[in-house]
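Bear in mind the structure is a predicted one, so any value in this text is a computation, not a measurement.
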Amino acid sequence: NKAEIIDDEPTIHIEINTEASVGDVPCDIDMTKAQTIYQLENKLEKEIKKTVETAIHDVQKKFKLDIFGFGEVIHRKDPKLWKKLGKNWDKKFATLPVDVTVKVRILRTGTTNNSFLKK
């Protein structure tokens, strides 16, 4: 997690990098094509981003408690600003902009063709 501060207004940037492997695929997906791998990576990135954003939003709006430690990230980045924000952090946290970036790489693929399930 990183904090960006512009005119005393913080934004949290979250970067998620993950690697995945695909096991046996008993369907007609051709995992030997680079385009197929790219499409799967893209879909996984979107799904992970959506899940993380939903979790953050729910915590911000329903509970208004910084269980993620974003305040600590801001404190490390700008201790003077944190002194101002820390007093009412729960309120500020509820509206804090959070930017989520996800990068997925599929490294290995399993058996994809001629599945015994087709026979």
Inset, instruction - Grab the two heavy atoms, one from P10 and one from P97, that are nearest each other, plus how far apart they are. - result: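 Closest heavy-atom pair between P10 and P97: O-CD, 3.5 Å.
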Heavy atoms only: give me the nearest I56-V98 pair and the separation to one decimal.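 So the minimum-distance heavy-atom pair works out to CD1-CG1, 3.8 Å.
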Verify, without hydrogens or angle tests, whether [X] (side chain) and [Y] (backbone) share a donor-acceptor contact under 3.5 angstrom.
X   : Y    : result
N88 : K91  : no
Q60 : F93  : yes
D66 : G71  : yes
E41 : I106 : yes

[atom1]-[atom2] distance between [X] and [Y], expressed to the nearest 0.5 angstrom:
X   : Y   : atom1 : atom2 : value
N1  : R76 : CG    : CZ    : 8.0 Å
K83 : H75 : NZ    : NE2   : 8.0 Å
I5  : L85 : CD1   : CG    : 8.0 Å
Q35 : N42 : CD    : CG    : 9.5 Å
H13 : E15 : NE2   : CD    : 10.5 Å
T51 : K49 : OG1   : NZ    : 12.0 Å

Tell me which pairs pass ring-ring contact (aromatic ring centres under 6.0 Å, His included) where either residue lies in residues 37-73, with sequence neighbours left out.
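Those involving residues 37-73 are F68-F70.
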Residues I74, L96; criterion side chain to side chain contact (heavy atoms under 4.5 Å, CB included); working and verdict:
CA-CA 11 Å; I74 293 167; L96 179 71; 4.3 Å; yes
>> Walk me through whether I14 and V102 qualify under side chain to side chain contact (heavy atoms under 4.5 Å, CB included).
In response: CA-CA 8 Å; I14 298 173; V102 179; over 6 Å; no
| field | Verdict with supporting geometry, K84 and K92, side chain to side chain contact (heavy atoms under 4.5 Å, CB included) | value | CA-CA 11 Å; K84 293 181 203 173; K92 183 66 177 174; over 6 Å; no
- Task: Flag yes if I12 and I67 sit in one hydrophobic cluster, no otherwise; membership is Ile, Leu, Val, Met, Phe, Trp, Tyr, and two members link when side-chain heavy atoms are under 4.5 Å apart.
- Result: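 Linked within one cluster.
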Checklist entry - Which pairs with one or both residues in residues 56-65 pass salt bridge (charged side-chain N to carboxylate O under 4.0 Å, His left out), sequence neighbours excluded? => result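 Non-adjacent pairs meeting salt bridge (charged side-chain N to carboxylate O under 4.0 Å, His left out): zero.
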Worksheet entry | Under the salt bridge (charged side-chain N to carboxylate O under 4.0 Å, His left out) test, residues paired with K103 that sit two or more places apart |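 In terms of salt bridge (charged side-chain N to carboxylate O under 4.0 Å, His left out), with neighbours along the sequence ignored, K103 is linked to E45.
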Next on the checklist: Under the criterion side chain to side chain contact (heavy atoms under 4.5 Å, CB included), I'd like the reasoning laid out for V52 against T54: C-alpha separation, chi angles, the key distance, then a yes or no.
Outcome noted: CA-CA 5 Å; V52 171; T54 299; over 6 Å; no
